[in-house]
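Here's the structure, in structure tokens; my notes come after.
No hydrogens, no waters, no symmetry mates; every other heavy atom, side chains included, goes into these values. Each chain gets a letter, A, B and so on, in the order its sequence line appears, and its residues count up from 1.
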There are 2 protein chains.
Amino acid sequence: MKETRLGDFEETLLLLVGILDMEAYAFKIAEEFESQTTRATSIGAVHSTLNRLSEKGFLTSEMGASTAARGGRRKRIYTITASGQRTLEASRDFKVSLWNQFPAFAGAKLNFNV
Amino acid sequence: MKETRLGDFEETLLLLVGILDMEAYAFKIAEEFESQTTRATSIGAVHSTLNRLSEKGFLTSEMGASTAARGGRRKRIYTITASGQRTLEASRDFKVSLWNQFPAFAGAKLNFNV
DNA sequence: CTCATTTCCTACTAAAAAGTAGAACATATT
DNA sequence: AATATGTTCTACTTTTTAGTAGGAAATGAG
């Protein structure tokens with residue numbers, strides 16, 4: 001069982017997929033990324049990262065139905081796998097645990113019903 | 001102002017420095033890392049990462065006084081800089097914000113007095 | 001004095017993550 | 001038919017992060 005780790009950008013995209021749910025397709029994800037951060041991205045970077053996440057088994061995807069709207073290549077909708085979700089949770093739990101031990105962050109109350 | 005980002009391992013070490021406080025020297029940090037995770041490290045990896053964090057301006061360090069204990073090279077004590085702390089906070093806030101938007105994590109209660 | 005012990009340090013390599021460039025496809029509008 | 005629009009896709013390069021190997025300093029104990 002190889003330890004597979006997540007990069008910064010990867011983790012954010014994975015979370016965005018979870019947030020966007022049925023709207024999680026590359027273009028939208030890129031837009032959402034830019035709107036939630038101050039960082040710029042490129043659609044290419046998003047695509048290659050989504051690929052990497054899929055290879056790691058954290059995402060699956062399938063082509064959506066074609067819409068009636070103008071402009072029309074079909075969207076590929078991404079979904080988090082169980083493994084992706086577990087990784088996200090582990091990452092969260094670990095971070096929360098460290099934050100709670102860091103006195104400078106002590107003011108924050110982090111209560112999880114895990 | 002170049003955007004300086006943190007890797008996974010870097011962020012963990014930075015947090016460990018904050019947690020260990022006056023005890024934050026490379027050897028101890030490496031031990032603490034191993035005790036808080038299931039991952040193994042090497043002292044060399046820790047050293048080179050601490051160096052990188054220092055170059056990025058997230059850490060400073062100075063040699064501590066020599067102790068009376070057996071074995072004796074003096075310890076280099078690391079301290080988080082204001083910039084390091086801000087980066088850590090920004091990273092935390094961003095992550096918490098995403099988690100809160102992710103329905104699968106909705107059960108968690110994250111209250112910050114930020 | 002010599003050895004074991006605790007620690008630091010750096011140059012280098014390897015691996016992984018991020019980003020770029022450029023092509024292409026499907027549909028609607030004109 | 002031509003063009004604009006919204007979107008996917010991949011091979012490749014660059015940059016960054018992580019890890020390795022090997023050396024060395026300082027001190028106490030024997």
Side-chain angles (χ1 to χ4, degrees), chain A residues 2-14 16-17 20 23-34 37 39-59 61-78 87 91, chain B residues 2-14 16-17 20 23-34 37 39-59 61-78 87 91:
Chain A
K2 279 254 199 67
E3 284 270 6
T4 318
R5 206 149 302 288
L6 282 178
D8 190 70
F9 189 55
E10 288 176 322
E11 184 165 356
T12 301
L13 290 201
L14 194 49
L16 288 177
V17 167
L20 289 168
E23 288 298 298
Y25 58 96
F27 241 81
K28 189 81 167 202
I29 294 168
E31 270 178 25
E32 192 68 13
F33 181 87
E34 299 210 323
T37 61
R39 282 165 81 187
T41 334
S42 67
I43 182 65
V46 169
H47 259 112
S48 61
T49 301
L50 291 171
N51 278 164
R52 220 173 326 120
L53 286 168
S54 301
E55 274 160 23
K56 289 181 179 179
F58 296 149
L59 287 178
S61 65
E62 56 184 53
M63 297 310 281
S66 54
T67 55
R70 170 78 182 281
R73 193 158 176 179
R74 288 192 301 153
K75 296 162 186 165
R76 175 176 294 279
I77 307 295
Y78 288 86
T87 299
S91 157
Chain B
K2 280 252 199 70
E3 285 269 6
T4 318
R5 207 149 300 288
L6 283 177
D8 190 71
F9 189 55
E10 289 177 321
E11 184 165 356
T12 301
L13 290 201
L14 193 48
L16 288 177
V17 167
L20 289 168
E23 287 298 297
Y25 58 96
F27 243 79
K28 189 84 166 199
I29 294 168
E31 269 178 25
E32 193 68 13
F33 180 87
E34 299 210 323
T37 61
R39 284 164 79 187
T41 335
S42 67
I43 182 66
V46 170
H47 259 113
S48 63
T49 301
L50 291 171
N51 279 162
R52 220 174 325 121
L53 286 169
S54 301
E55 273 159 24
K56 289 181 179 177
F58 297 148
L59 287 178
S61 64
E62 56 183 54
M63 296 310 281
S66 54
T67 55
R70 170 74 183 281
R73 192 158 175 179
R74 287 192 301 152
K75 297 162 186 166
R76 175 175 294 279
I77 306 297
Y78 288 86
T87 300
S91 158

**Prompt:** So does A:Arg52 get a side-chain nitrogen or oxygen closer than 4.0 Å to the phosphate oxygens (OP1/OP2) of C:dA16?
**Reply:** no
Separation of [N] [atom2] from [X] [atom1] (nearest whole Å):
{"X": "B:Leu53", "N": "D:dA18", "atom1": "CG", "atom2": "C1'", "value": "12 Å"}
{"X": "B:Leu50", "N": "C:dT7", "atom1": "CG", "atom2": "C1'", "value": "13 Å"}
{"X": "A:Glu32", "N": "D:dG6", "atom1": "CD", "atom2": "P", "value": "17 Å"}
{"X": "A:Ile29", "N": "D:dT7", "atom1": "CD1", "atom2": "P", "value": "12 Å"}
{"X": "B:Leu20", "N": "C:dT7", "atom1": "CG", "atom2": "P", "value": "13 Å"}
{"X": "A:Phe58", "N": "C:dA16", "atom1": "CZ", "atom2": "C1'", "value": "13 Å"}
{"X": "B:Arg5", "N": "D:dT17", "atom1": "CZ", "atom2": "P", "value": "9 Å"}
{"X": "B:Glu10", "N": "D:dT16", "atom1": "CD", "atom2": "P", "value": "11 Å"}

Would you name the heavy atoms of [X] and [Y] that are closest together and state the gap between them?
{"X": "A:Leu14", "Y": "A:Phe58", "answer": "CD1-O, 3.7 Å"}
{"X": "B:Thr41", "Y": "B:Val46", "answer": "CG2-CG2, 3.7 Å"}
{"X": "A:Ile43", "Y": "A:Ala30", "answer": "CD1-CB, 4.4 Å"}

**Asked** What nucleic acid atoms does B:Ser42 come within less than 4.0 Å of, heavy atoms only: base, sugar-phosphate, or nothing?
**Response** base
**Request:** Can you tell me which residue pairs pass the side-chain hydrogen bond (donor to acceptor under 3.5 Å, both in side chains) test with a partner in residues 44-53 of chain A, sequence neighbours excluded?
**Result:** A:Glu10-A:Arg52, A:Thr49-A:Arg52
**Asked** Just by modelled atom types, is the A:Arg5 backbone N or O under 3.5 Å from a matching donor or acceptor in the A:Lys56 side chain?
**Response** yes
Are any protein N/O atoms closer than 3.5 Å to N/O atoms in nucleotides 8-13 of chain D? If there are, list each pair with its distance.
from  : atom 1 : to      : atom 2 : distance (Å)
D:dT8 : OP1    : A:Ala26 : N      : 3.4
D:dT8 : OP2    : A:Phe27 : N      : 3.0
D:dT8 : O2     : A:Arg73 : NH1    : 2.9
D:dC9 : OP1    : A:Arg76 : NE     : 3.2
D:dC9 : OP1    : A:Arg76 : NH2    : 2.9
D:dC9 : OP2    : A:Arg76 : NE     : 2.8

**Item:** Results of ring pair (Phe, Tyr, Trp, His ring centres under 6.0 Å) for A:Phe33 - residues two or more places apart only
**Value:** A:Phe9
